[in-house]
S.K.: 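Below: one structure in structure tokens.
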2 protein chains.
Amino acid sequence: MTHLSPLGRPLRPSGKLLQEDTRRHHRALLLQRLFRDGPASRADLARTTGLTRVTVSELVGTMVADGLVEELGAPVESRVGKPPTLVGVAAESTHIVSLDLSPDDRLTGAVVNLAGHVVARHERPLAGRKGAEATALVHELADELLAMTSRPVLGIGVGSPGVVDALGTVLDAPNLGWHGTPLADGLREHTGLPVLVANDANTAALGEHSFGHAQGGGLMVLRVGTGVGAGLILEGTLLHGHRAAAGEIGHVVVDPRGEACACGRTGCLETLLAVPHLRRRLAASSSRTRVLADTGRRLGAALAPVVGTLNLHELVLSGPVDLLDGPLRDAVESTIRRRTMPVIGDELVVRTSTLGDDVVLVGAAVLVLAGELGVS
Amino acid sequence: MTHLSPLGRPLRPSGKLLQEDTRRHHRALLLQRLFRDGPASRADLARTTGLTRVTVSELVGTMVADGLVEELGAPVESRVGKPPTLVGVAAESTHIVSLDLSPDDRLTGAVVNLAGHVVARHERPLAGRKGAEATALVHELADELLAMTSRPVLGIGVGSPGVVDALGTVLDAPNLGWHGTPLADGLREHTGLPVLVANDANTAALGEHSFGHAQGGGLMVLRVGTGVGAGLILEGTLLHGHRAAAGEIGHVVVDPRGEACACGRTGCLETLLAVPHLRRRLAASSSRTRVLADTGRRLGAALAPVVGTLNLHELVLSGPVDLLDGPLRDAVESTIRRRTMPVIGDELVVRTSTLGDDVVLVGAAVLVLAGELGVS
DNA sequence: TTTGTTAGTTCAGCGGACTAACAAACCTCT
DNA sequence: AGAGGTTTGTTAGTCCGCTGAACTAACAAA
């Protein structure tokens, strides 16, 4: 079944399309252009979108009224005819509150502007809190972040560890003691704002895709920390998977004769790649490079079928750069190249994240941008 | 960038949405219901789609005028109120011509009705033809199939080997000597009908998804023949990949110490799984079961990262049932289960195709149904 | 100053979906 | 049998959003 989702809002359940949806779609289309290509004149927007100048003018009008977009005056260079009035996204007009719940000792958050830049940060130590106490701490953190901005807040985006469904319910996050916890609903009720929740690796993928100079084409972000998880953007959209568990690659067995894993099985990717394990192996070995390259080769071997099957364009490694960039990255790249067809391997880009530790926060903001404005 | 594709037609390049598109979307929405759930009354359709009875009546009117849908009278059971008039898809009102170019010795084709049933078949031996000669043969086969039906033809769907881009240009198909051949354009010009071309494994996935009792949720169809290829339906849509090479899994290296492959590398999946190789190994061994189970285990090991990363729901094996069903399938299933998390592995269904050798033909028809009517 | 060009606005019209209201056809209850 | 209630599908009129055509504004070049 083909899904039609008007930019800006999730599709109404029935699938029917109102004129209102058309309007929101076009509004989002204009915003998209402005986000992606920077300021432009109304006439320019009309040309690139195919809408008439009339429609564009009217839509820009509503966006200016909302404060989302502002007039910037005429451009410097002058051509023949009446000089255009540039309009552009007013990045500071509206803020987004982002939460990153993935570190295991604390909850971090930020105020992010429409350009995806962090304008303020705040965090609270988790101190072992779980279940309802952890939820309460999330609410507190959100409140404190909301108090840190005087601008209207578009919504709250959350990157949470564990499996998160499309409605923002955390189905399973052992670290936080959440099982079927309706995080989005609770936070929405608490704050009265739109709330969007996704798995941290998934938000990282969104962040990298929209603000990390991604090239377009399939993107996979592999997050390496205490655990290992991935997020995938395929055909321009985030992959959720059958049970919302897409990207849960940490407990895929890559070496049946490997180390025992906390999950009960043997040789999970996490036992190979998770930071504690990797650091331990590094400490025990004389050759740092050999350990890293060896790890990269095994990782590459596990990812080659994925890259080949999906014809991915970019593989982004996110985590401690001292471990991931260098021999490990090189080995991953060369191994995947060696193990896939030229059409696929030659085009593949393997790199570390350009957003660093902020990927999840920025990605959570993208979640809100996409959900509320239809921009991504 | 979020893509909006109104059911029925590819999005106009700009991304703008006309009222016309809304109408087509709603028409497709109704057709979808009728295809999926069978006949229904106008009032029923209105309830399930959320459109008003007025709008539904009008839309049904146009579809009846087109002959696509027919009135079926009142249902047997009678409830209170005026009895409804059921309307249903007129499966034989329109035909689709499907071509399967994947066998390496011949080109096969069929006339398919709207219900996905093959109503006539025809084939032509390839006799080593390549390049322009092969293209000419495709045209001939299409003409002959078109002559076999007196009903209006909705379009021509083609499942071709090799890498095929979204516009129906065959980028690379060594067997047929095609490199950058605009197959869809040529056939469209030749016949004057809408033509849609995709990779054979991709059309197979479409066929299995729409008419193979697929469960919904991520689906991967692995086609095993002279070569090995896959097609994936993720989040309800066909995956194309960065260079239209998604599913090209045959030349992913699964065993660096394996057999030499025709492609120049060593231990490609094809050397493990392609029918000629597999039959040869079976002939050389005393234990058929051991060879098949061993092959299944290796295949499972290669696919586990894919299944785990994508959180697939169904894995369908398509090809010679005597090889694929039984020990091989069992070993694939158990290996993947053992190598993935319970959330993922427990939900996975591994099975052989329900459509048998017709998957590609039926899938090519789905390509047309999806492209022309927005049904899938 | 005139001419040509480009930007942005006003206005009438059209397409498509919606609401309201109704006739037809059936049930059920007295 | 007849009255009243229900459900279907149609007709009539309204609203909303986009369009094309025409207009005003503002500039460069000649």
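Naming convention: chains lettered A, B, ... in sequence-line order (proteins, then strands); numbering from 1 in each chain.
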S.K.: Please name all residues satisfying side chain to side chain contact (heavy atoms under 4.5 Å, CB included) with Ala115(A), sequence neighbours left out, ordered by chain then number.
M.R.: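 Per chain and number, Ala115(A) pairs via side chain to side chain contact (heavy atoms under 4.5 Å, CB included) with Ala91(A), Asn113(A), His117(A).
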S.K.: Ignoring backbone atoms, test whether Thr52(A) places a side-chain nitrogen or oxygen under 4.0 Å from the OP1 or OP2 oxygen of dT19(D).
M.R.: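 It does, given that an N or O in the side chain of Thr52(A) lies less than 4.0 Å from OP1 or OP2 of dT19(D).
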S.K.: Between Asp44(A) and Thr55(B), who's closer to the 5' end of DNA chain C by nearest nucleotide?
M.R.: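 Final value for this comparison: Asp44(A).
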S.K.: Enumerate donor-acceptor pairs with a distance under 3.5 Å from any side-chain N or O in residues 53-61 of chain A to protein atoms, sequence neighbours excluded.
M.R.:
| residue | atom | partner | partner atom | Å |
| --- | --- | --- | --- | --- |
| Thr55(A) | OG1 | Thr52(A) | OG1 | 2.9 |
| Ser57(A) | OG | Arg53(A) | O | 3.3 |
| Glu58(A) | OE2 | Arg23(A) | NH2 | 3.1 |

S.K.: Just by modelled atom types, is the Asp165(B) backbone N or O under 3.5 Å from a matching donor or acceptor in the Thr169(B) side chain?
M.R.: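 Looks like no, no N/O pair under 3.5 Å.
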S.K.: Are the side chain of His313(A) and the backbone of Gly216(A) linked by a donor-acceptor contact shorter than 3.5 Å?
M.R.: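 Yes, because the side chain of His313(A) sits within donor-acceptor range (under 3.5 Å) of the backbone of Gly216(A).
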S.K.: Starting from P on dG16(C), measure out to CG on Leu59(B) and report it in whole angstrom.
M.R.: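 Checked: the CG to P distance equals 9 Å.
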S.K.: Sequence neighbours excluded, which residues qualify as salt bridge (Lys or Arg N to Asp or Glu O under 4.0 Å) partners of Arg151(B)?
M.R.: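 For Arg151(B), no residue satisfies salt bridge (Lys or Arg N to Asp or Glu O under 4.0 Å) once neighbours in sequence are set aside.
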S.K.: Are Leu45(B) and Leu34(B) packed together at the side-chain level, in the sense that at least one heavy-atom pair is separated by less than 4.5 angstrom?
M.R.: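 Contact flag for Leu45(B)/Leu34(B) side chains = yes.
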S.K.: Produce a footprint string for nucleotides 11-16 of chain D: one letter per nucleotide, 5' end first; B if the base is under 4.0 Å from any protein heavy atom, S if only the sugar-phosphate is, - if neither.
M.R.: B----B
S.K.: Can you list everything that forms a salt bridge (Lys or Arg N to Asp or Glu O under 4.0 Å) with Asp44(B)? Sequence neighbours excluded, please.
M.R.: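 Here the qualifying residues are Arg47(B).
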S.K.: Would you say His26(B) reaches dA17(C)'s phosphate, i.e. side-chain N/O to OP1/OP2 under 4.0 Å?
M.R.: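 The answer is yes; a side-chain N or O of His26(B) sits under 4.0 Å from OP1 or OP2.
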S.K.: Starting from P on dA17(C), measure out to CZ on Arg27(B) and report it in whole angstrom.
M.R.: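 Roughly 12 Å, once rounded to whole Å.
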S.K.: Under the side chain to side chain contact (heavy atoms under 4.5 Å, CB included) rule, collect the residues that match up with Thr85(B), sequence neighbours excluded.
M.R.: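 Expected list: Arg42(B), Glu71(B).
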S.K.: In chain order, what residues pass the salt bridge (Lys or Arg N to Asp or Glu O under 4.0 Å) check against Asp37(B), with sequence neighbours excluded?
M.R.: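 By the salt bridge (Lys or Arg N to Asp or Glu O under 4.0 Å) rule, Asp37(B) matches no residue at all.
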S.K.: Can you find a side chain N or O atom of Thr22(B) that sits less than 4.0 Å from OP1 or OP2 on dA17(C)?
M.R.: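 Result: no.
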S.K.: Strictly under 3.5 Å: I want the nitrogen or oxygen pairs between protein and nucleotides 23-30 of chain D, one per line.
M.R.:
| residue | atom | partner | partner atom | Å |
| --- | --- | --- | --- | --- |
| dA26(D) | N3 | Lys82(A) | N | 3.3 |

S.K.: Please check the phosphate of dT10(D) (OP1 and OP2 only) for any side-chain N or O of Ser57(B) closer than 4.0 Å.
M.R.: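 For dT10(D), OP1 or OP2 has a side-chain N or O of Ser57(B) closer than 4.0 Å.
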S.K.: Please report, rounded to the nearest Å, how far the P atom of dG17(D) is from the CZ atom of Arg24(A).
M.R.: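 It works out to 11 Å between those atoms.
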S.K.: For the pair made of CG in Leu51(A) and C1' in dG17(D), what is the distance, rounded to whole Å?
M.R.: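 In whole Å, dG17(D) C1' lies 11 Å from Leu51(A) CG.
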S.K.: State whether Arg47(B) places a side-chain N or O below 4.0 Å from either non-bridging phosphate oxygen (OP1 or OP2) of dT8(D).
M.R.: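 Answer is yes, contact under 4.0 Å.
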S.K.: Name all residues meeting the salt bridge (Lys or Arg N to Asp or Glu O under 4.0 Å) criterion together with Asp185(A); count only those two or more places apart in sequence or in a different chain, and write none if there are none.
M.R.: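 Testing Asp185(A) for salt bridge (Lys or Arg N to Asp or Glu O under 4.0 Å), a comparison that skips the adjacent residues, returns Arg188(A).
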S.K.: Expressed in angstrom and rounded to an integer, what is the separation of Leu72(B) atom CG from dG9(D) atom P?
M.R.: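 Atom CG in Leu72(B) sits about 12 Å away from atom P in dG9(D).
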S.K.: Given atom CG of Leu29(B) and atom P of dA17(C), what is their separation to the nearest angstrom?
M.R.: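 Whole-Å distance recorded here is 11 Å.
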S.K.: Please, what dot-bracket string fits DNA chain D when only Watson-Crick and G-U pairs with both distances under 3.5 Å count, crossing ones use [ ] and pairs to another strand use |?
M.R.: ||||||||||||||||||||||||||||||
S.K.: Nearest-Å distance, CG (Asp21(B)) to C1' (dG17(D))?
M.R.: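 Spelled out: CG on Asp21(B) to C1' on dG17(D) is 14 Å.
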S.K.: Taking only residues two or more places apart in sequence or in another chain, which ones pass side chain to side chain contact (heavy atoms under 4.5 Å, CB included) with Ala205(B)?
M.R.: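 So Ala205(B) forms a side chain to side chain contact (heavy atoms under 4.5 Å, CB included) with Val221(B), Ile233(B).
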S.K.: Going by side chain to side chain contact (heavy atoms under 4.5 Å, CB included), name the residues that satisfy it together with Glu189(B), two or more places apart in sequence or in a different chain.
M.R.: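 Residues passing side chain to side chain contact (heavy atoms under 4.5 Å, CB included) with Glu189(B): none at all.
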